[in-house]
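What follows is a short report on a single structure.
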Amino acid sequence: MTDVRIAMTGFGNVGQGVAELLRDYGEEYRRRYGVRLLLTGVADRGGAAIDSTGLDPQSLLSAKRHGTVAEAPVGERDLRGDAFLERARAQVLVEAASTNFQDAEPGWGYIQGAMHRNMDLVIASKGALVLHWSDLMASARQAGLRVYFSGTVGSPLPTLELADRVLLGTRIDRIEGIVNGTANEVLAAMAEGASYEEGVQRAQESGMAETDPTLDVDGWDAAAKAVIIGNALLGGNLTLSDVRREGIRGVTVQQMLEARSRGQAIKLIATIEREKSTVTARVAPESRPLADPLGSLRGSEMGVVIHAHPLGVMTASARGGERAIPTSLTVLRDVFNLCRDRGWSS
Ligand SMILES: NC(=O)c1ccc[n+]([C@@H]2O[C@H](COP(=O)([O-])OP(=O)(O)OC[C@H]3O[C@@H](n4cnc5c(N)ncnc54)[C@H](OP(=O)(O)O)[C@@H]3O)[C@@H](O)[C@H]2O)c1
């Protein structure tokens, strides 16, 4: 049995989901994969909890009910940044803090600090991957570190693994996807006759949409995912401003009903393609036949269609689970793949 020491930054929906999974399935994971995943440090905005022998996931969750993991018996207020990484003494950073597309902090700082300490990376936040792709990958390569980020591109869709592992030996020229569940839920409501505003309200009531849904409905989130997919799988060097982006605010109920009468649905589609050595990406509302793998996706479902030569087409779709659990599971999937790739697990 190998111990794998993990530091986790961010203890919101995703981080707490990881703790719940380790609490409920930790024993089974040990049996099945031969690794004991130890959270040796967890940080949020209020501070951190540190225990080199492994934090108890339930005591972190209980402490968080009082606002911060620093309330745990082994918690320390205001412990964060480099001091946190130093004290956590971990082999792996799970980066699950809030992010943005202006400076990618706090994730980028934590990622750099972790690489400096020779830690492998499992990243759930998109900011650093979107703004600092080349730097991040070059530094990791130079230091011999591994980087996993399946949770950033529409989890639990296996887009990266399909391309990276299943479709080895093929040439991928084009990837299309519905990679934002919130936009799909709004459009699905509109397809049933709801106005755009009612669609957004329903998505907010179901817990999918944020109070400010801008990142989802204006296509920023899908564009960020397109950047990551294009760079990771098609060898691009895209940034957010390279993506031609149109959101769903301009889609009318009239257009939705007309599309439906033609046996089609309007969906927010991300398309990433390579022509010769140029990789391009766009996000825009498009009509798709209702029988199409993407046109048929309902509610908050997401899906991806990978065009792989000479195989043809491979598709995957997923319906989200409760809260952020699909993302937390995807984070753990990355951790298990890291353990396998490093030869730590049986
Ligand atoms: N939710 C999903 O299903 C999903 C899917 C894919 C990707 N993601 C990405 O994963 C990340 C986490 O998502 P989430 O839903 O868990 O977000 P969230 O619920 O808003 O949680 C964000 C966490 O980051 C912490 N944080 C903020 N600044 C910090 C700092 N300087 N140092 C340490 N921690 C800090 C927050 O601390 P406090 O708790 O003290 O506020 C909070 O615990 C985000 O970047 C998100 O975009 C989420």
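Counting convention: from 1, in listed order, for ligands and their atoms alike. Computed from a predicted model, the values in this text were never measured in an experiment. Note that these values count all heavy atoms, side chains included, but never hydrogens, waters or copies made by symmetry.
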Item to complete: Would you mind finding which of P326, P106, S155, A124 brings a heavy atom closest to atom 31 (N) of ligand 1?
Response: P106

Worksheet item: Counting from 1, what ligand 1 atoms have a heavy atom of S125 closer than 4.0 Å?
Response: 45 (O)

Item to complete: Could you find the nearest protein heavy atom to atom 2 (C) of ligand 1 and give me its residue, atom name and distance?
Response: T327 OG1, 3.6 Å

Discussion item. Run the side-chain contact (heavy atoms from CB on, under 4.5 Å) test on R89 and R117 for me, step by step, so that the C-alpha distance in whole Å, both residues' side-chain angles and the decisive distance to 0.1 Å come before the verdict.
Written reply: CA-CA 9 Å; R89 298 192 163 279; R117 289 172 176 76; over 6 Å; no

Worksheet item: Nearest to atom 6 (C) of ligand 1, what protein heavy atom do you find, and at what distance?
Response: G151 O, 3.3 Å

Practice prompt. Return the orientation label for the Y33 and F336 ring planes: parallel under 30°, perpendicular over 60°, tilted otherwise.
Written response: tilted

Response to the item:
atom 40 (O) of ligand 1: closest protein heavy atom, distance to 0.1 Å, is R45 N, 3.1 Å

Worksheet item: Tell me: protein heavy atom nearest atom 44 (C) of ligand 1, and distance?
Response: A97 O, 3.3 Å

Worksheet item: So is F84 close enough to ligand 1, meaning a heavy atom under 4.0 angstrom away?
Response: no

Worksheet item: Can you find a protein heavy atom closer to atom 4 (C) of ligand 1 than 4.0 Å?
Response: yes

Worksheet item: With a 4.0 Å cut-off on heavy atoms, is R80 touching ligand 1?
Response: no

Item to complete: Name the closest protein heavy atom to atom 13 (O) of ligand 1, giving the residue it belongs to and the distance to 0.1 Å.
Response: V14 CG2, 3.6 Å

Worksheet item: So between T9, D44, N13, whose heavy atom ends up nearest atom 33 (C) of ligand 1?
Response: D44

Worksheet item: Backbone N or O of I172 within a donor-acceptor pair of the R274 side chain at under 3.5 Å?
Response: yes

Discussion item. Under 4.0 Å, heavy-atom basis, I'd like to know which part of E105 is in contact with ligand 1: side chain, backbone, both or neither.
Written reply: neither

Discussion item. Give me the nearest non-hydrogen protein atom to atom 12 (C) of ligand 1 as residue plus atom name, then the distance to 0.1 Å.
Written reply: A96 O, 3.2 Å

Discussion item. Could you check whether any side-chain N or O of E76 sits under 3.5 Å from a backbone N or O of A48, counting only pairs where one atom can act as donor and the other as acceptor?
Written reply: no

Item to complete: Quick one: look up the protein heavy atom nearest atom 25 (C) of ligand 1 and list residue, atom name and how far away it is.
Response: G10 CA, 3.8 Å

Worksheet item: Looking only at heavy atoms, is any part of K64 under 4.0 Å from ligand 1, and if so is it the side chain, the backbone, or both, or is it neither?
Response: side chain

Fill in: atom 20 (O) of ligand 1 touched by protein (heavy atom, under 4.0 Å)
no

Response to the item:
Nearest non-hydrogen contact to atom 24 (O) of ligand 1 from the set S98, A43, G12 belongs to S98

Practice prompt. Starting from atom 43 (O) of ligand 1, locate the nearest protein heavy atom and write down its residue, its atom name and how far away it is, to 0.1 Å.
Written response: F11 N, 2.9 Å

